[in-house]
J.: 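Just dropping this structure here.
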Amino acid sequence: MFGKIVGDFSEWIRRRNIYYTLYYDLIDKIRAERSVVADLDRQLHCANRKYDALVNSLHAVTLEGYTISKIQREKGGETLLFFTKRDSTISGISFDIAVRLYAYQDTVLEERFRAELTCDPGKERMTIIDNYVIGERGQGYGSKGMEEIIHIAREQRLKIISGSLHPVDIGCNADNENRDRVLRFYKKHGFTVKLAEDGNSGHIRLYL
């Protein structure tokens, strides 16, 4: 019981520090531009309202059982927030780990990537059940999400990451453009890809 209380308190401290970091980023940005801001107090009040909206959005995610696992600053002022959930059930299917990636910039928080994973420590294997980008592709969020999956596998001391490719992943009619994009993505991250004879399905595998 005491261990759970300590763990909950530690998580609260971590979330608070992350929220404060995002809040003071807003404040610093406004203060840096104070020479052209006619009403600094009004701008600071606006920043407080945006911060409250951000906290409410993040709180909604944590209410689903997710915890912030990492915060990462990107070039161009974007901040990436990684959330993980252990022993989760989504649409009746059980997963050992669920991952979410949110991008935050200019007071806008948007979900960009999701993944569901199962782990078998006995076989030193992680299986990617599903992973997908939310919104516009080609922005690098899929790669950031995959890097986090690989990081989690290494953290769990697993040796293999595997998964299956289905027609919905690579195009029901083996569309070459979509299929090639998917194959390039996995090969870029070190996976070997083996397609079925019809080209509509296959398997991926990465040895760590």
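Values reported hereafter were calculated over all heavy atoms of this structure, with side chains retained and with hydrogens, waters and symmetry mates removed.
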J.: Are the side chains of Leu58 and Phe83 in touch, meaning some heavy atoms are under 4.5 Å apart?
T.: yes

J.: Taking Ile160 as the starting point, is it possible to reach Val193 by hopping between hydrophobic residues whose side chains are less than 4.5 Å apart?
T.: no

J.: Heavy atoms only: give me the nearest Cys119-Leu158 pair and the separation to one decimal.
T.: SG-CD1, 4.0 Å

J.: Before giving the answer on side-chain contact (heavy atoms from CB on, under 4.5 Å), spell out for Leu206 and Tyr186 the whole-Å C-alpha distance, their side-chain angles and the decisive distance to 0.1 Å.
T.: CA-CA 9 Å; Leu206 171 65; Tyr186 285 108; over 6 Å; no

J.: State the CG-NZ distance between Asp180 and Lys187, to the nearest 0.5 angstrom.
T.: 8.5 Å

J.: Working to the nearest 0.5 Å, report the span between CD1 of Ile152 and OG1 of Thr84.
T.: 6.0 Å

J.: For a quick check under 3.5 Å, do Ser143 and His189 share a side-chain donor-acceptor pair by atom type?
T.: yes

J.: Does any N or O in the side chain of Thr192 come within less than 3.5 Å of the main-chain N or O of Arg205, such that one atom is a donor and the other an acceptor?
T.: yes

J.: I'd like to know if Arg100 and Glu64 make a salt bridge, using a cut-off of under 4.0 Å between side-chain N and carboxylate O.
T.: yes

J.: Are any non-hydrogen side-chain atoms of Leu101 and Lys144 less than 4.5 angstrom apart?
T.: yes

J.: For the CE atom of Met126 and the CD1 atom of Ile161, what is their distance to the nearest 0.5 Å?
T.: 5.5 Å

J.: Are Tyr207 and Lys159 side-chain neighbours, meaning at least one heavy-atom pair lies under 4.5 Å?
T.: no

J.: Within this structure, what is the OG-CD distance for the pair Ser69 and Glu155, rounded to the nearest 0.5 Å?
T.: 8.5 Å

J.: Roughly how far, to the nearest 0.5 Å, is NZ of Lys194 from CD1 of Ile204?
T.: 14.5 Å

J.: Taking the side chain from Gln105 and the backbone from Gly76, do they hold a donor-acceptor pair closer than 3.5 Å?
T.: yes

J.: Using a 4.5 Å cut-off on heavy atoms from C-beta on, say whether the side chain of Leu117 contacts that of Asp96.
T.: no

J.: Taking the side chain as every heavy atom from C-beta outward, state whether Leu208 and Ile150 have any pair of such atoms under 4.5 Å apart.
T.: yes

J.: Do Ile68 and Val61 sit in one hydrophobic cluster, given that two such residues count as connected whenever their side-chain heavy atoms are within less than 4.5 Å of each other, even indirectly?
T.: yes

J.: Do you know the tightest heavy-atom contact between Ala103 and Arg112?
T.: CB-CG, 3.8 Å

J.: When rounded to the nearest 0.5 angstrom, what distance separates CD in Glu78 from CD in Gln139?
T.: 9.0 Å

J.: Just do the side-chain contact (heavy atoms from CB on, under 4.5 Å) check on Ile97 and Arg86 with the steps written out, would you?
T.: CA-CA 5 Å; Ile97 304 173; Arg86 307 282 174 160; 3.3 Å; yes

J.: When you group the ILVMFWY residues by side-chain heavy-atom contacts below 4.5 Å and let the links chain together, are Phe191 and Leu195 in the same group?
T.: yes

J.: Between Thr62 and His59, is the side-chain contact (heavy atoms from CB on, under 4.5 Å) condition met? List the steps.
T.: CA-CA 5 Å; Thr62 60; His59 185 57; 3.5 Å; yes

J.: Would you indicate whether the side-chain heavy atoms of Met146 and Phe185 approach each other to under 4.5 Å?
T.: yes

J.: Compare all side-chain heavy atoms of His203 with those of Ser164 and state whether any distance is below 4.5 angstrom.
T.: yes

J.: For side-chain contact (heavy atoms from CB on, under 4.5 Å), just list the numbers for Arg137 and Arg181, CA-CA rounded to whole Å, side-chain angles, deciding distance to a tenth of an Å, and then say yes or no.
T.: CA-CA 11 Å; Arg137 296 179 181 275; Arg181 178 187 60 78; 3.5 Å; yes

J.: Do the non-hydrogen side-chain atoms of Glu110 and Ile134 ever get within less than 4.5 Å of each other?
T.: no

